[in-house]
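The next block holds one structure in the form of structure tokens; read it before the comments.
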Amino acid sequence: WNEVFLMATIISSDNSTKDFMPVIIEKKKSVKSLKEQILKSFGLNPSDCKNYVCYNINLGSENKDRCWREALTLNSGAIAATHGDRVGLQIGVDTINKTIKLVKDTRDLTKIWDFTNSYTDTSSTQSGTGLNPYMQSDLGTLSISGDADLDTLRKQIYGMNEQIKHDVKSYKHILLSWLDNVHQIPFSFPKLST
């Protein structure tokens, strides 16, 4: 099957829904195309799709469990739309929830870290010769709007814990990075080279 049959609705600010309308769309189409088609079905302007967030509401509109990101296609693994799925559009900005970890570099940066001969302490709380020089601690979970800029994200992280304020002079000094789950190191980190 190249197409998927969905039941679509508009979710109001109090999470109530209007009538559901059937939508048939090709699976290779983007969520943005789906949003445009749903808005058109409800007599709304399709070019306003940027103002709406698309959710999987199979469990009810009050339990919006999965946001469908605009750039994804309906056949992507993150969405995997199936026949009969209920989707809803709601005015607003996508909210992202992320677990934030504080990662501290224990090197003194006087010599190059021997990455190939090092190993990761399973607790990631020790440092020393041959061990991963990055120690981590959980700060908590952060909710931030999907259109937030990096400074806003840094400010929120800086305000999550008082200990950060002792270790970091300002929110501007926080280096944001994804964490490599295998090696337990940040993807962005200071690097010495000869």
Side-chain angles (χ1 to χ4, degrees), residues 1-101 103 136 138-157 160 174-189:
W1 295 87
N2 293 331
E3 297 174 325
V4 65
F5 170 78
L6 304 170
M7 295 300 293
T9 189
I10 304 293
I11 306 169
S12 66
S13 59
D14 65 355
N15 286 327
S16 61
T17 58
K18 295 184 177 182
D19 296 331
F20 282 86
M21 301 278 279
V23 173
I24 297 174
I25 188 167
E26 290 180 67
K27 287 183 179 181
K28 68 179 180 180
K29 296 278 187 173
S30 67
V31 172
K32 180 180 179 187
S33 297
L34 172 65
K35 287 167 46 175
E36 291 170 343
Q37 190 169 337
I38 293 170
L39 289 172
K40 192 173 181 182
S41 297
F42 281 94
L44 300 169
N45 187 352
S47 63
D48 289 339
C49 70
K50 279 282 189 197
N51 300 329
Y52 289 84
V53 180
C54 186
Y55 292 100
N56 174 326
I57 57 169
N58 284 331
L59 300 177
S61 59
E62 67 283 350
N63 297 314
K64 300 183 291 279
D65 65 335
R66 284 193 353 221
C67 172
W68 289 2
R69 308 272 189 252
E70 202 169 80
L72 295 174
T73 58
L74 297 175
N75 61 0
S76 73
I79 293 178
T82 59
H83 295 297
D85 276 350
R86 291 175 172 253
V87 296
L89 298 185
Q90 188 171 36
I91 291 179
V93 181
D94 181 18
T95 301
I96 298 170
N97 298 314
K98 284 289 178 192
T99 301
I100 305 297
K101 292 182 180 242
V103 179
Q136 11 176 326
D138 289 329
L139 281 181
T141 302
L142 180 74
S143 292
I144 193 163
S145 65
D147 64 349
D149 60 16
L150 288 177
D151 273 349
T152 304
L153 180 57
R154 283 187 178 108
K155 286 176 187 175
Q156 278 198 261
I157 291 171
M160 287 178 74
I174 294 176
L175 174 65
L176 302 175
S177 177
W178 294 107
L179 189 67
D180 181 330
N181 286 326
V182 175
H183 298 290
Q184 292 296 303
I185 62 172
F187 282 121
S188 304
F189 54 88

**Report entry** Minimal non-hydrogen separation, Gly92 against Val53, with atom names
**Finding:** O-CG2, 3.3 Å

**Report entry** Spacing of OG1 belonging to Thr82 relative to NZ belonging to Lys27, to within rounding of 0.5 Å
**Finding:** 8.0 Å

Report task. Could you tell me the separation between the CG atom of Leu44 and the CG atom of Asn51, rounded to the nearest 0.5 Å? Result -> 11.0 Å

Query raised in the report: Quick one: are Ile79 and Thr73 in side-chain contact, heavy atoms under 4.5 Å?
Result: no

Query raised in the report: Leu34 versus Lys29: any side-chain heavy-atom pair under 4.5 Å?
Result: no

Report summary line: Between the CG atom in Asn45 and the CD atom in Glu36, the distance rounded to the nearest 0.5 Å is 9.5 Å

Report task. Would you name the heavy atoms of Pro46 and Lys40 that are closest together and state the gap between them? Result -> CG-CB, 4.1 Å

Query - Between NZ on residue Lys35 and CG on residue Asp48, distance to nearest 0.5 Å - result: 11.0 Å

**Report entry** From Leu6 atom CG to Arg86 atom CZ, the distance as rounded to the nearest 0.5 Å
**Finding:** 11.5 Å

**Report entry** From Leu153 atom CG to Ile174 atom CD1, the distance as rounded to the nearest 0.5 Å
**Finding:** 8.5 Å

Report task. Measure from the side-chain N and O atoms of Gln37 to the backbone N and O of Ile24, and report whether any donor-acceptor pair falls under 3.5 Å. Result -> yes

Report task. Would you indicate whether the side-chain heavy atoms of Ile38 and Thr9 approach each other to under 4.5 Å? Result -> no

Requested in this report: Give a yes or no answer on whether the side chain of Gln90 reaches the backbone of Cys54 with a donor-acceptor pair at less than 3.5 Å.
Outcome: no

Query raised in the report: Looking at residues at least two apart in the chain, or sitting in another chain, which of them share a side-chain hydrogen bond (donor to acceptor under 3.5 Å, both in side chains) with Thr152?
Result: Asp149

Requested in this report: Identify the heavy atoms of Ser33 and Ile25 that sit nearest to each other, and give their distance.
Outcome: C-CD1, 4.1 Å

Report task. Go through the structure and list residues passing side-chain hydrogen bond (donor to acceptor under 3.5 Å, both in side chains) with Lys50, not counting sequence neighbours. Result -> Glu70

Query raised in the report: Does the side chain of Asp85 come within less than 4.5 Å of Val4's, by heavy atoms?
Result: no

Query - Minimum-distance pair of heavy atoms, taken over all atoms of Trp68 and Ala81 - result: CH2-CB, 4.1 Å

Query - Residue pair Leu74 / Val31, side-chain heavy-atom distance below 4.5 Å - result: yes

